[in-house]
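Let me begin by presenting the structure, written as structure tokens, before commenting on it.
Quick note on labels: first sequence line is chain A, next is B, and so on, each numbered from 1. Here the structure is a predicted model, which means the values were calculated and not measured.
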Amino acid sequence: MCNQNLRPKVIQLYKTFLHLGKDYPKGADYFHTKLKAAFLRHKDVVDAKEIEILIARGQYIVKELEALYSLRKYRTLRKRYYKN
Amino acid sequence: MSALRVLVGCKRVIDYAVKIRVKPDKSGVVTEGVKHSMNPFDEIALEEAVRLKEKKVAGEVVAVSCGPTQSQEVLRTALAMGADRAIHVKVEGKDVDAMQPIHVAKILSKIAQDEKIDLMILGKQAIDDDCNQTGQMTASLLDWPQATFASKVEKNNGGLTVMREIDGGLETIKVKLPAIVTSDLRLNEPRYATLPNIMKAKKKPLAVKAPSDYGVEVKPHIEVLSVEDPPVREAGQKVETVEELVSKLREVGLIPSS
């Protein structure tokens, strides 16, 4: 089945999220629950095309999270150390 | 001129997002069981070094951290972000608290000589003690030019052109190499250490040294008398009408009285 070669990709994505979740402002536990629910919601998807789309969406969210973290850090520092 | 050898300092500090708690005996802040990470200004310094390497200006990026065993986690992050190798100067026991910028500066200057470093990029200050001294002291010990609070670094033949953040504006200076640059907040946006890169970083070399290897004795030069919380902001009060607001503002002299 063609879905078999998508499996490692999905697992990799999940691991990436788990790693990113450690820095989530609301805590790793909160993130983990949400993450698991989000993946479970699509557990019945079998169409390879659809899975690809979901993976792409996941990768987009990874980028968004990274951007969120760096912006949050930048803003906190700017607030602490710079008047304007 | 051949590719530069760059040294970056990476301090392990309490994570910027953690709410700092002062110990009841006012001897310091609570560090046990608190999340630590790399000093954000050092991340910016490291990012700059890695970018120089990607532009083929720098040949090798060496990350250095002076601190307890856990500092190695910070160095792993540095390696994951793109440093080639790391040196951990292990400081133990009560020396951790005695460690001051002067000790770090002495160690860094010794490493710079040993490793034939051409450029040292450091964070302008650490977010835990906010000393803003290490870069300046190291430059002085090595007798190298320094470009502090850098917000832009460019290589020109034989030196660097650095834009510095100063009060109310920017200053552009030229420094000859070898030199010390300390990073300001707007120098760049550090990349995120991704999971695959962290895995790969485990294979990169990490040397463990002691301050005595560099002939540095960690002897306290200052004594911490007391560490206290900043004053708590006083509660505000609600006003019912505009007239009341205006009269209150007048009372405290925030608007001129008519």
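- With respect to the salt-bridge test (charged N to carboxylate O, under 4.0 angstrom), the residues B:Glu154 and B:Arg51 do not qualify.
- Salt-bridge annotation for A:Glu66 and B:Arg191: absent, with no side-chain N of the basic residue lying under 4.0 Å from a carboxylate O of the acidic one.
- Contact of A:Lys22 with chain B is made through the backbone alone, with heavy-atom distances under 4.5 Å.
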- Message: Go through it in stages, so that I can follow the logic: the residues are B:Phe41 and A:Tyr81, the test is ring pair (Phe, Tyr, Trp, His ring centres under 6.0 Å), and I'd like the CA-CA distance, side-chain angles, deciding distance and then a yes or no.
- Response: CA-CA 12 Å; B:Phe41 289 109; A:Tyr81 290 107; 5.7 Å; yes

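- Interface remark: B:Tyr16 contributes backbone and side-chain atoms alike to the contact with chain A (heavy atom separation under 4.5 Å).
- Neither the backbone nor the side chain of A:Leu71 comes within less than 4.5 Å of any heavy atom in chain B.
- Interface remark: B:Asp130 contributes side-chain atoms only to the contact with chain A (heavy atom separation under 4.5 Å).
- Heavy atoms of A:Thr16 lying under 4.5 Å from chain B belong exclusively to its backbone.
- The existence of a salt bridge linking B:Asp184 and B:Arg164 is excluded, since no basic side-chain nitrogen approaches an acidic carboxylate oxygen closer than 4.0 Å.
- Under the 30°/60° scheme for interplanar angles, the aromatic rings of A:Tyr24 and A:Phe31 are found to be tilted.
- Salt bridge status for B:Asp229 with B:Arg21: absent, with no side-chain N to carboxylate O gap under 4.0 Å.
- Of the atoms belonging to A:Arg80, it is side-chain heavy atoms, and not backbone ones, that fall under 4.5 Å from chain B.
- With a 4.5 angstrom heavy-atom cutoff, B:Ile198 touches chain A only via side-chain atoms.
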